[in-house]
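Worksheet: one structure, shown below.
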2 protein chains.
Amino acid sequence: MNDSQDFGDFLHSMGGAALGAWLRRLSDRVDREAGRVYDEAGVEFEQRWFGLLNQLALHGASSVGQIASALGVSHVAVSQVRATVEKAGLVISEADPNDRRSRTLRLTPRGQQLYLEMAPLWEKLALSAVELDREAGGVVHALARLERALDRRSLADRVNRKGSR
Amino acid sequence: MNDSQDFGDFLHSMGGAALGAWLRRLSDRVDREAGRVYDEAGVEFEQRWFGLLNQLALHGASSVGQIASALGVSHVAVSQVRATVEKAGLVISEADPNDRRSRTLRLTPRGQQLYLEMAPLWEKLALSAVELDREAGGVVHALARLERALDRRSLADRVNRKGSR
DNA sequence: GGGATATGAGTAAGGACTTACGGATTCGTC
DNA sequence: GACGAATCCGTAAGTCCTTACTCATATCCC
């Protein structure tokens, strides 16, 4: 009946500190199931590659740092993925002539071809995600709001301001 | 204006397949910030320990498997945490006399004491989580609904039923 | 009662991130 | 123009989880 009361109960029994663990559990689950989709479709593709490839396909050649900030991950994560997709022949990288610290990545022909081949599958994945989101009553928006709330004030900050009593 | 249209756009540009990555990013963030809370409070505690300790404190002695299913993680994760909290002297374990395959865990006096010491901090963490959830318009409920939606039908299943065209 | 099967837990290895640090440029200012 | 600070990227190591495999004990069934 009283939803926010229920929720408080939930958080107290689960432990407020368990929010992170819960998010991780769900993320693992979604990633794992996406991986299964690729396996069942018989394609050699890792979910981890998606963000980088998608970024290059949508926005053309980009640097490691650009991709990292677009995806919201560390440059290290991008760098690691770059190494594997480059080894797989999907991407090439070369030093930016204007700034030789920076490395410019772009899809190879083979990468472009793979992207096109994968497109229908990703489309179905996106449709499924929309469907899930609808059934879940707008998780995606809720997550975006959570992210903004954390931007406004960090968890640590919120805890500290609860007083030291 | 049309929210679900916006959302579809979002998912198409982000890529539906990015949902998992996004959840992971948020989980990392929440966990990291929780870790900062412990550091700033000057306590030697790892967020990873919380689930196991909380379970033992709330439900008394339990087996590895019981804790794993209560927390929704693999028994391996519990086993790993057990090893470290046992080494830290917070928990003891002994073979269950009724079923010697099973290992029964319980808090040591020191573990109980730590639990009591941490309680105010966790309370503040829980309050902060409630606050965040309110600002985010009910993420927790949304996540629970997402989980149920995935239980009803897996992502792979949903994708497969989108037809192979 | 004994052999096949199931179940609880542990170890090893791996996946997707992270932080910490180091190397190579570039920038900014004197 | 050079010296220190800032920036881009890479490697190493660590975190928190997972799956795959193995061992030991329990259970089932004839």
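Every heavy atom of this structure was used, including side-chain atoms; hydrogens, water molecules and symmetry mates were not. Throughout, a chain's letter reflects where its sequence line sits, starting with A, and its residues are numbered from 1.
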With the criterion being N/O to N/O and under 3.5 Å, what pairs connect the protein with nucleotides 5-8 of chain D, and how long is each?
{"unit_1": "D/dT7", "atom_1": "O2", "unit_2": "A/R101", "atom_2": "NH1", "d": "2.6"}

Looking only at atom types and distance, does a side-chain atom of B/S62 sit under 3.5 Å from a main-chain N or O of B/G60, one as donor and one as acceptor?
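Yes.
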
N/O donor-acceptor pair under 3.5 Å between B/D133 side chain and B/A129 backbone:
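No, B/D133 side chain to B/A129 backbone: no donor-acceptor pair under 3.5 Å.
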
Can you work out whether A/P97 or B/R82 has the more 5'-proximal nearest nucleotide on DNA chain C?
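Between the two, 5'-proximity favours B/R82.
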
Would you call the rings of B/Y115 and B/W122 parallel, tilted or perpendicular, where under 30° means parallel and over 60° means perpendicular?
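Geometry flag for B/W122 against B/Y115: tilted rings.
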
Could you state the [atom1]-[atom2] distance from [X] to [N], rounded to the nearest angstrom?
X	N	atom1	atom2	result
B/D96	C/dT7	CG	P	17 Å
B/I67	C/dG8	CD1	C1'	13 Å
A/D39	C/dG15	CG	C1'	14 Å

For the residue pair B/I92 and B/L105, establish whether any side-chain heavy-atom pair is separated by less than 4.5 Å.
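The answer is no; the side chains never approach within 4.5 Å.
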
If you define the side chain from C-beta out and look only at heavy atoms, does anything of A/L90 sit under 4.5 Å from A/W49?
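Yes, at least one pair of side-chain atoms sits under 4.5 Å.
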
Name the nucleic acid region contacted by A/R29, choosing base, sugar-phosphate or nothing; use a 4.0 angstrom heavy-atom cut-off, strictly under.
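Contact class for A/R29: none.
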
Hey, are B/S93 and B/E86 close enough side-chain-wise for a donor-acceptor pair under 3.5 Å?
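Yes, because at least one side-chain N or O of B/E86 sits under 3.5 Å from a partner of the opposite role on B/S93.
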
Would you give a per-nucleotide map of nucleotides 14-23 of chain D, 5' to 3', where B means the base has a protein non-hydrogen atom under 4.0 Å away, S means only the sugar-phosphate does, and - means neither?
--BBBBB---

B/E135 and salt bridge (charged side-chain N to carboxylate O under 4.0 Å, His left out): which partner among A/R145, A/R148, A/R152?
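Checked A/R145, A/R148, A/R152 against B/E135; only one passes salt bridge (charged side-chain N to carboxylate O under 4.0 Å, His left out): A/R152.
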
Measure the spacing between CD of A/Q66 and OG1 of A/T104 and express it to the nearest 0.5 Å.
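One finds 8.0 Å between CD of A/Q66 and OG1 of A/T104.
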
